[in-house]
Structure formats: C-alpha cells, structure tokens
Novice: 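Dumping the structure here so I can ask a few things about it.
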Amino acid sequence: DAKTTQPPSMDCAEGRAANLPCNHSTISGNEYVYWYRQIHSQGPQYIIHGLKNNETNEMASLIITEDRKSSTLILPHATLRDTAVYYCIVRVGTGTASKLTFGTGTRLQVTL
Amino acid sequence: GAVVSQHPSRVICKSGTSVKIECRSLDFQATTMFWYRQFPKQSLMLMATSNEGSKATYEQGVEKDKFLINHASLTLSTLTVTSAHPEDSSFYICSARVASSYNSPLHFGNGTRLTVT
C-alpha cells in the first residue's frame, strides 16, 4: 500500500503560485495520485489526479516526477479562497476493494 | 456533474437515540460509496466501504453493529448511528465513485455534523 507525506503547513502570498509537494515513494506502477482540498467544515473537493503525465485543469496543475515518487500541485495564482487543507492521496487496493485513505495534508494559508 | 448530496447537514440528538444520514449521488450511479468520520483538527478517517446490494466492509476498529450501512440502490447509501453517545459526535462525510470506474476520483458530500447531547 502506498502512503504519502506532505509538509504540515505552507504560506503563500495572494496572486503568487502555490506549489504543494507530496512524497509517495512507495507508489506502484498502476496507482494514481489524487489531490483534494478541504475548506473548513465542508466535504473534500476534488482538484486533480494523474498517473504518469503532468495534468492541468481549470483549478490547478499536477507535476509528477519521472520516477513517480513525488508530485507537486500548483495553484498558479493563489487567492484567499484557496486557503484550505490540501490532501495528496494514493489509492489503496485494487478494483472494488480500492479506497482512498487520507493523511494529514498540508494546511495552505494564503495571505494578502 | 458528479454531485453527491448528503442529508442532514446538521443534527443534534439525545444520547441513546439513533440517527440516520443519507448520501445520494444526484447525477451518476455509484456502485461504491465510502463513509468517513472527521474529528476536530484531524484528518478524515475511513469508516466503511458500502457496495450496492451487498454488505458493507468496515475498517478495523469500526463497530458494524453501531454504524449500520445500507446501500440499497445505485444512488443511495445510508449510515445509521445507533444508540448514539457523546463520543460519537463528529463530522460524517460520504463519498461516491462513478460505477465501474475504479480509477475515477471520489466525489464527496458536504458532510453531516452530528452532536450527541
């Protein structure tokens, strides 16, 4: 089972890019990396996911290293509303038995 | 698309009573739904995996007789907290995965805050 490690907290100035790292050194070849965020007292919000290639959507970009042992979530122009806890997750198990288990995440504080 | 609705958003109940929480996938079918619990300032903890038409799979340490899960259709799963006690007060969150797409992301409801007095 793959696990992830993230820094507990980060600060970012509004308008600047927020780069959130994640280590998943035990990831196996067919396991995706998922990123979610949770704003206080709400359910987690899906951001992006990827397997090998870098991915980009309207919310963020995901950069996965070639050896797949780490990844970085990039919020290109952080705003105050991006203040949240960001979770990097690797699916555990396969098929119908697969599940997402959350680590402690990174608390991102966007400041003026 | 891929909206998960959870009801109620908040509930207060007396110790010893039971509370039912509903989780619905509004615009997709969900073969599998997941129930999480979150205590203040902690991360989400997976409680159980709910599969449509079969018994739920509970994580280690989660009492199946206390947290009853029913997944009777492809769009509805329910979690019933039986004989609730103050220590069951928590934020309960459900999530769902699009049917037959194991690698697709989970979509989460907005949670139910349970307070047991």
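Below, chain A is the first sequence line, B the second, and so on; all start at residue 1.
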Novice: With a 4.5 angstrom heavy-atom cut-off, could you sort out which part of B/S104 is near chain A: side chain, backbone, both or neither?
Specialist: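 For B/S104, the contact with chain A is made by the backbone alone.
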Novice: For A/R68, is there an ion pair with A/E66 - N to carboxylate O distance below 4.0 angstrom?
Specialist: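 Judged by the 4.0 Å cut-off on N to carboxylate O distance, A/E66 and A/R68 do not form a salt bridge.
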Novice: With a strict 4.5 Å heavy-atom criterion, list every residue of residues 110-117 of chain B that contacts chain A, or say none.
Specialist: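 Residues B/N110, B/R113 are the ones that qualify, each having a heavy atom under 4.5 Å from chain A.
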Novice: Is it the side chain or the backbone of A/Q45 that comes within 4.5 Å of chain B heavy atoms, both, or neither?
Specialist: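 Contact with chain B involves no heavy atom of A/Q45 at all.
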Novice: Tell me, side chain or backbone of B/L106 under 4.5 Å from chain A's heavy atoms, or both, or neither?
Specialist: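 Both parts, backbone and side chain.
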Novice: Within a 6.0 Å radius of atom CD1 on B/I12, are there more than 12 heavy atoms belonging to other residues, nucleotides or ligands?
Specialist: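 12 or below, so no.
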Novice: For B/I93, which atoms come within 4.5 Å of any heavy atom of chain A: side chain, backbone, both, or neither?
Specialist: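 For B/I93, the side chain is the part near chain A, not the backbone.
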Novice: Which one, B/E59, B/Q42, B/M45, leads in non-hydrogen pairs under 4.5 Å with chain A?
Specialist: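 The residue among B/E59, B/Q42, B/M45 with the greatest pair count is B/E59.
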Novice: Determine whether a donor-acceptor pair (N or O, by modelled atom type, separation under 3.5 Å) exists between the side chain of B/R37 and the backbone of B/L46.
Specialist: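 It does not hold such a pair.
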Novice: Hey, could you give me the CD/CG distance between A/E14 and A/L80, rounded to the nearest 0.5 Å?
Specialist: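 Output value for this atom pair is 4.0 Å.
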Novice: Do other residues, nucleotides or ligands put more than 12 heavy atoms under 6.0 Å from B/K55 NZ?
Specialist: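 Not more than 12 within 6.0 Å, no.
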Novice: For the pair A/R37 and A/Y87, evaluate side chain to side chain donor-acceptor pair (under 3.5 Å) and give the outcome as yes or no after the intermediate values.
Specialist: CA-CA 6 Å; A/R37 71 181 182 184; A/Y87 295 99; over 6 Å; no
Novice: Output, in order, the C-alpha distance, side-chain angles, deciding distance and verdict of side chain to side chain donor-acceptor pair (under 3.5 Å) for B/E52 and B/Q29.
Specialist: CA-CA 10 Å; B/E52 186 265 339; B/Q29 292 185 332; over 6 Å; no
Novice: Do B/I69 and B/T78 touch side chain to side chain, with heavy atoms closer than 4.5 Å?
Specialist: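 Counting from C-beta outward, B/I69 and B/T78 never come under 4.5 Å.
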